[in-house]
Protein chains: 2
Amino acid sequence: MGPVFSQTSSDPVRLTDAMRSVFVELLVHGPLSRAEVARRLALSPSALTKLTKPFIEAGYLLEASGEGPATVGRPSQPLQVDASRMSFVGIKLTADELFAVRTDLSATVRMETSRPLADHEIDHVLGQIVEVVEELTVPGPLSAVGISLAGTATPADPVVHTSPFLGWSQLPLATLVEEAVSVPTVLDNDVRALTAVQQWFGEGVGHSSFALVTVGAGLGCGLVVGDRLVTGQSGATGLIGHLQIDDRGPMCERGHHGCARAYATSPAIRRSIATTLDRPELTFDDCLAMAADGHPVARRVLDEAGAALGQVVATIANIAGPELVVLSGESVHMYDVCAEAFHTALARHTHWTSTPVRVVVKPFAFNEWARGAAVTALQHLLLHR
Amino acid sequence: MGPVFSQTSSDPVRLTDAMRSVFVELLVHGPLSRAEVARRLALSPSALTKLTKPFIEAGYLLEASGEGPATVGRPSQPLQVDASRMSFVGIKLTADELFAVRTDLSATVRMETSRPLADHEIDHVLGQIVEVVEELTVPGPLSAVGISLAGTATPADPVVHTSPFLGWSQLPLATLVEEAVSVPTVLDNDVRALTAVQQWFGEGVGHSSFALVTVGAGLGCGLVVGDRLVTGQSGATGLIGHLQIDDRGPMCERGHHGCARAYATSPAIRRSIATTLDRPELTFDDCLAMAADGHPVARRVLDEAGAALGQVVATIANIAGPELVVLSGESVHMYDVCAEAFHTALARHTHWTSTPVRVVVKPFAFNEWARGAAVTALQHLLLHR
DNA sequence: TCCCGTTTGTTCATGTTGTCAAGTAAATGA
DNA sequence: TCATTTACTTGACAACATGAACAAACGGGA
C-alpha cells in the first residue's frame with residue numbers, strides 16, 4: 001500500500017499486517033470500538049490504541065462518537081473508516097459495451113458512465129478505457145482501477161488469459177492500462193469480482209463460507225471458503241453453466257442436452273417460450289409477466305428454470321458446503337416467478353443428511369458488475385500491497 | 001502442543017507459530033536444508049538456525065547428512081523429522097467393525113488391529129476402542145488418538161453430531177475416549193481424514209488445492225482449497241453420492257433415479273450385474289473380472305459406472321477448480337476396467353473453456369481409513385495445540 | 001596449488017511489534 | 001458519594017525476526 005496512506009507527504013506510514021487487518025475489519029464490519037476490534041482479532045487493547053493512532057492522525061479513521069447501546073462501564077468510542085478518503089474505478093467489459101463506476105472505500109457508487117465498444121481491437125478498447133478513467137478522475141485522484149470481464153483473469157496477474165467473448169488470449173491488459181493512466185490496475189473475472197462485493201459489503205459479511213450464483217445471459221458461481229475467495233485452476237470460477245440437469249432436455253449452444261444454461265438463462269427462457277408460441281417479439285420480462293399471470297407455456301418453462309436453478313444450487317451446496325448461497329445477476333428477479341419450483345428442487349437434490357442451504361436473493365443493479373471490479377481493486381490494494 | 005516437545009523433562013519448549021510451520025514444512029516436504037526452508041517460508045536464514053535448534057537438541061529433527069546434488073557453494077545440511085519420536089493411533093468405525101492402526105509422525109503404519117462391533121451401544125463401542133488403544137500403546141506412549149467415521153464430526157469438536165450408520169447423534173465420543181485412555185482424542189469425518197492423508201503424505205503434497213473422490217460402498221469427496229481442508233456446514237464433506245447423473249436411470253435406496261451412487265458404488269455395480277444375469281453369488285471382483293474379459297453385461301454396467309464417475313469428477317472440477325483430483329477408496333481398482341468411459345465422460349462434462357482436470361488414481365489399502373484418522377490426530381496436534 | 005566466487009549456516013547487535021501492568025477516563029447503580 | 005464496570009492510554013518489557021559480519025565448505029579456473 002506504500003504511499004497510499006500517508007500522514008504527511010513526507011512521512012509515509014509503513015503498514016504492518018496487524019494494521020491492515022484492523023483497517024479491513026473496521027471497513028467491513030462497520031463502526032466498532034477499539035475494544036471490540038481487539039476481541040475480534042485476538043489482540044490486546046493496548047495494541048489497538050497504537051495500531052489505530054496513525055490512521056486517525058492521517059484521517060483514514062474517524063472517531064464516530066455515536067453512542068452505542070447504553071451499558072455499564074465507560075462508553076465505547078466507535079471508530080469508522082472515512083470512506084471518502086479513497087476512490088476506485090471499476091470497469092466491466094462486455095462484448096459490445098463498457099460500464100464504469102467510481103466508488104469510495106465503502107464501495108458506494110459516486111459516478112457512473114459507459115461507452116460502446118465498436119470492436120475488440122486492443123487499441124480501441126484501451127482508448128475507451130482510458131477515456132472513461134479520465135472522465136471519472138475529474139473529482140479527484142484514484143487509488144486503483146479494477147477491470148472485470150467474463151473469462152480467465154485474476155488480480156494476481158496483469159494478463160487476460162482467455163476471454164472468449166472478446167476474442168482475447170494472453171493480453172497484458174492491466175499493464176497497458178496502468179501505463180496509460182498511471183494508476184495501479186488489476187484484472188479479475190467478473191463473477192469473482194461480484195463475489196468480492198458480497199464478501200465485504202453484501203450478504204456474505206459475517207460468513208466465512210458462502211457461494212454466489214448469478215443468473216443472466218449465462219450462469220455463474222463464485223465461492224468463498226474459509227474467508228478466502230476461491231480462484232480455480234487458471235483463474236476460472238465456478239463453471240456451472242453446463243452442469244447437466246437431465247440427458248434429454250433442450251440442447252445448449254455447444255450441443256449438450258439438458259444443460260443448466262439451456263433451462264435457466266434469460267435468453268434460453270425467452271427463446272423457449274417465444275418459439276413454442278411462435279411470438280418472436282416477446283421479451284424476457286414479457287415472459288416473466290406471462291408466467292406470473294399463469295400462462296401455461298410460460299409457467300411450465302419457468303418452473304423448469306426454477307427447478308434447474310434449484311438443482312444447481314443444491315449441487316454446489318453438496319460439494320462445497322457453504323453456509324449461505326446468494327442469488328444474483330441481471331435476471332434474478334425471475335426468482336419471484338419460480339421460487340416454489342426452485343425450493344422444491346433444492347430440497348429434492350440436497351443430500352438427505354443435510355438441511356437445504358440458506359438462500360438469499362440479492363436484487364441486481366445494472367452497474368453491479370462494474371462495482372464488483374471496483375471492489376476487486378479495493379481488496380487488492382488493501383490486502384496485497 | 002505444550003509438553004509434547006520437551007528438551008528435558010523439566011524444560012518444556014514453548015512453540016511459536018514459526019516453529020510449528022518449520023516443523024510441518026520439514027515433515028511434509030521431506031529432508032530440506034535450512035536455507036531451503038527459509039526461502040519457502042519467507043524467513044531469514046538466521047531465523048532458521050534459531051528455530052531448528054530446540055528441535056534438534058530435543059531430537060525431533062535430525063541432521064540427515066545425506067549429500068544433496070553436487071553444486072557450487074557450501075553443501076547444504078538437510079534436516080529431517082525423526083518420525084519415530086511420536087506415535088498416533090487412528091481408529092475407523094464402521095457399522096460392524098473397528099479398524100485401528102498405530103503410526104509414527106510420517107504416517108507410516110507400525111501396527112494394526114481390529115475388533116468386531118456387536119452393536120452400537122456406546123458402552124460396547126467405547127470398551128472396544130479402549131481395548132484397541134491399550135493394545136496399541138504397548139510399544140510406547142501415544143501423542144494423540146484420532147477416530148474417524150461416516151457422519152458429521154470435526155476435529156474442532158469432541159461431539160459426533162450425527163452418524164446414520166451407527167445411529168448416533170450428539171454423542172461426546174472424544175471426551176469419553178479421552179477420559180478413558182488419558183490421551184488427547186479428536187474426531188473427524190472419514191473422508192476428510194483420508195483427504196488429510198493425501199494433503200500431507202500423498203498426492204496432494206505440493207498442491208494448494210485438490211479434491212479426493214472415494215469409491216466404495218458409497219461415494220465421497222474431500223476438498224482442499226487454498227491449502228486448507230474444507231469443512232462444510234455442520235462438518236459434512238462433499239456429499240456427491242446423490243448427484244444426479246440422469247433422470248431415468250437405476251433407483252438409489254432413497255428413491256432417486258439416476259443417482260451417482262446407483263451407478264458407481266461397488267454394491268450397486270455388483271447388484272446390477274448379478275440380478276441381470278440372475279447369478280446372486282457373484283462378488284464385486286468377479287464382476288470386474290467379467291468386464292475385463294469383455295462380458296457384454298458387465299462391460300455395459302462398468303462403462304456406465306465409469307461414465308458416472310467421470311461426470312462426478314467433472315462437476316467437482318467445474319465448481320471448485322482443483323489443480324488435481326485423487327481417486328481412491330476400497331473400489332478404486334475398478335478404474336482399471338472403466339478408465340476409457342471415465343475419461344470420455346470427464347472430458348464431455350468438463351466446461352469447454354477448461355481442460356479436463358488432472359486425475360491420479362491412488363491404490364487403496366484396507367487400513368487406509370484408520371491411517372486417515374491417525375493423520376487427523378497428528379495434524380490437529382501439530383497445528384492447533 | 002591457491003585463490004575466487006558461491007552458497008550454507010552461525011553469532012551478535014539491533015529493531016520492530018505486540019503484551020503486561022498500571023493508571024486514567026467515563027459511565028451505571030446503590 | 002463511592003464502588004463497580006468497561007474503555008482506553010501509557011511506558012517498560014519480552015519475544016521474535018532481521019541484517020551485518022563471519023566462518024565453513026565446496027567447485028572451478030589461472
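Just so you know, these numbers come straight off a predicted model, no measurement behind them. So that the names make sense, note that chain A is the first sequence line, chain B the second, and so on, each numbered from 1.
Atom-to-atom, CD of E63(B) to P of dA25(D) comes out at 12 Å; the value is rounded to the nearest Å. Per the geometry, CG belonging to L79(A) stands 13 Å off P belonging to dA7(D), to the nearest Å. Per the geometry, CD belonging to E57(B) stands 14 Å off C1' belonging to dT10(C), to the nearest Å. dT7(C) atom P lies 13 Å from atom CD of E36(B), rounded to whole Å. Here dT9(D) presents its P atom at 7 Å from CD1 of I56(A), a figure rounded to the nearest Å. Going from atom CG of L15(B) over to atom P of dA15(D) covers 15 Å, rounded to whole Å. dA7(D) atom P lies 13 Å from atom CZ of R40(A), rounded to whole Å.
Among dG9(C), dA17(D), dG18(C), the nucleotide with an atom closest to any side-chain atom of L51(B) is dA17(D). For V72(A), taking side-chain heavy atoms from C-beta onward, the closest of the listed nucleotides dT19(C), dT28(C), dG9(C) is dT28(C).
Comment: E63(B) engages R34(B) in a salt bridge, judged by a side-chain N to carboxylate O separation of less than 4.0 angstrom. Taking the charged nitrogens against the carboxylate oxygens, E323(A) and R358(A) have no contact shorter than 4.0 Å, which rules out a salt bridge. Between K53(A) and E57(A), no side-chain nitrogen of the basic residue sits less than 4.0 Å from a carboxylate oxygen of the acidic one, so the salt-bridge criterion is not met.
At the heavy-atom level, L48(B) lies nowhere under 4.0 Å from the strands shown.
Side-chain N or O atoms of D104(A) include one that pairs as donor or acceptor with a backbone N or O of A107(A) at under 3.5 Å.
Remark: the S46(A) side chain and the dC20(C) base include a donor-acceptor N/O pair separated by less than 3.5 Å. No N or O donor and acceptor, one from the side chain of R74(B) and one from the base of dA25(D), sit under 3.5 Å apart.
The shortest distance between the side-chain N/O atoms of R34(A) and the OP1/OP2 oxygens of dA25(C) is not below 4.0 Å. R39(B) has no side-chain polar atom (N or O) that falls below the 4.0 Å cut-off from OP1 or OP2 of dT7(C).
Remark on DNA chain C: of its neighbouring residues P75(B) and A42(A), the 5'-side contact belongs to P75(B), judged by nearest-heavy-atom nucleotide. Each of D17(B) and T49(A) was matched to the nucleotide of DNA chain D holding its nearest heavy atom; the match closer to the 5' end belongs to T49(A). Mapping K50(B) and L43(A) onto DNA chain C via the closest heavy atom, the residue that lands nearer the 5' end is K50(B).
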**OP:** Take V205(A) and V28(A) through the test side-chain contact (heavy atoms from CB on, under 4.5 Å) and record every step on the way to the result.
**Re:** CA-CA 7 Å; V205(A) 172; V28(A) 173; 4.2 Å; yes
